[in-house]
There are 2 protein chains.
Amino acid sequence: MSHQSKLELGPLPQMLGYALRRAQIAVFEDFGASFKPLNLRPALFSVLTLIKHNPGCKQSDAAEALGIMQPNFVALMDELERRDLARRTPAKGDRRSHALELTEDGVALLHSARDSIVHHEARVTTSLTPAEAALLYELLARVERSLGSLDSE
Amino acid sequence: MSHQSKLELGPLPQMLGYALRRAQIAVFEDFGASFKPLNLRPALFSVLTLIKHNPGCKQSDAAEALGIMQPNFVALMDELERRDLARRTPAKGDRRSHALELTEDGVALLHSARDSIVHHEARVTTSLTPAEAALLYELLARVERSLGSLDSE
DNA sequence: TATTGTTATACTCTATAACTATA
DNA sequence: TATAGTTATAGAGTATAACAATA
């Protein structure tokens with residue numbers, strides 16, 4: 001039994017960065033629990049999903065699309081290759097460049113993750129109506145686009 | 001001039017964790033730029049603000065209120081004490097416990113940060129109407145409360 | 001000269017286990 | 001036995017500088 005002091009948060013809940021951080025920690029925790037059986041972190045999942053929808057894309061374009069810096073993207077691709085979920089193949093026309101593809105295992109893993117994704121999304125939006133959830137996605141995308149840390153250029 | 005391949009993100013923008021991460025990175029980047037002159041990171045700012053609104057609070061209660069684990073809170077308080085922005089004082093009645101207070105410098109720093117906070121919040125919500133911004137805070141808080149990673153219990 | 005991918009590195013945040021001193 | 005604070009440690013995300021190979 002804790003004393004549960006219920007401290008005063010002051011203006012913090014009205015600061016967007018604070019509200020985002022709190023929500024993101026909670027959502028990622030649910031994601032982690034949901035995808036632990038598949039050993040997939042959010043970053044790995046996002047890379048697999050991006051490659052699935054853009055087979056043959058350049059590594060640098062993939063990193064930029066996800067807002068991940070190139071040096072940090074290398075380790076993610078290394079792990080996906082080591083686990084035989086994706087591979088780097090030589091790109092036609094530019095011998096510096098790598099074309100990214102899913103392996104059969106990668107395709108299968110994403111397919112087997114479909115139910116988990118649906119259930120995860122349902123859980124994290126359980127307190128929202130469908131309309132509110134749609135609005136939340138849209139507002140977040142608008143905030144991000146208006147600031148545009150990376151990819152906006 | 002990059003090729004700007006504009007890759008397909010697939011279902012990612014409709015996943016709450018992804019949308020939150022993208023928005024949070026952008027908002028924290030603006031925060032960092034805005035508070036670099038004061039050498040304040042989001043975590044340090046949140047601790048100072050919490051102490052301001054709860055002078056004399058216990059260290060463990062402060063950590064719990066912010067969703068920061070106790071061991072990680074120690075280094076934050078160490079830095080605030082080293083910079084003479086806050087201090088740990090002996091709590092009355094329990095010699096294990098620390099009561100947290102702002103120093104004069106801490107009060108002054110938060111005061112001098114007020115304009116930066118207002119401008120930062122205005123920038124990160126520049127693409128939202130006031131009603132949309134208020135709704136966004138509320139939806140984020142609801143998501144976080146319904147999952148409740150730490151402090152909920 | 002510029003770009004692609006890489007290595008090395010550093011800092012921050014998050015997480016767990018184990019310790020101390022008190023209670 | 002339990003709690004408050006601490007230490008040590010580890011993992012993951014994020015960031016910059018510099019390099020090799022190629023354009």
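Labels below follow one simple rule: chain letters A, B, ... track the order of the sequence lines, proteins then strands, and each chain is numbered from 1. The model shown is predicted, which means the values in this text are computed figures rather than measured ones.
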Enquirer: Output the residues of residues 78-99 of chain B in contact with DNA chain D, where contact means a heavy atom of the residue under 4.0 Å from an atom of the strand; sort by number or write none.
Expert: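 Per residue number, the list reads B/R88, B/R96, B/S97, B/H98.
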Enquirer: Just call it for B/Q70: base, sugar-phosphate, or nothing, with non-hydrogen atoms closer than 4.0 Å on any strand.
Expert: base
Enquirer: Using Watson-Crick and G-U wobble pairs whose two distances are both under 3.5 Å, how do you write the pairing of DNA chain D as dot-bracket, with | for links to another strand?
Expert: |||||||||||||||||||||||
Enquirer: What integer distance in Å separates A/D61:CG from C/dT4:P?
Expert: 8 Å
Enquirer: Rounded to whole angstrom units, what separation is found between the CD1 atom of B/I68 and the C1' atom of C/dT14?
Expert: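 So the two atoms are 10 Å apart, to the nearest Å.
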Enquirer: If each of A/R21 and A/Q59 is mapped to the nucleotide of DNA chain C with the nearest heavy atom, which maps nearer the 5' terminus, i.e. the 5' end?
Expert: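 That would be A/Q59.
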Enquirer: What's touching nucleotides 16-20 of chain D from the protein side, N or O pairs under 3.5 Å?
Expert:
none

Enquirer: Would you kindly give the CZ-to-P distance between A/F73 and C/dA8, to the nearest whole Å?
Expert: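 My rounded result for the distance is 20 Å.
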Enquirer: Rounded to the nearest angstrom, tell me the gap between atom CZ in A/R22 and atom P in C/dC13.
Expert: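 Rounded to the whole Å, the gap is 15 Å.
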Enquirer: Applying ring-ring contact (aromatic ring centres under 6.0 Å, His included), which residue pairs with at least one partner in residues 76-122 of chain A are found, sequence neighbours left out?
Expert: A/F31-A/H120
Enquirer: Give me the residues of residues 40-55 of chain A where at least one heavy atom lies under 4.0 Å from an atom of DNA chain D, by number, or none.
Expert: A/R41, A/A43
Enquirer: Atom NZ of B/K58 and atom P of C/dA23: how far apart are they, to the nearest Å?
Expert: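 Interatomic distance, NZ of B/K58 to P of C/dA23: 12 Å.
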Enquirer: Partners of A/F28 by ring pair (Phe, Tyr, Trp, His ring centres under 6.0 Å), sequence neighbours excluded?
Expert: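 Not a single residue meets the ring pair (Phe, Tyr, Trp, His ring centres under 6.0 Å) criterion with A/F28.
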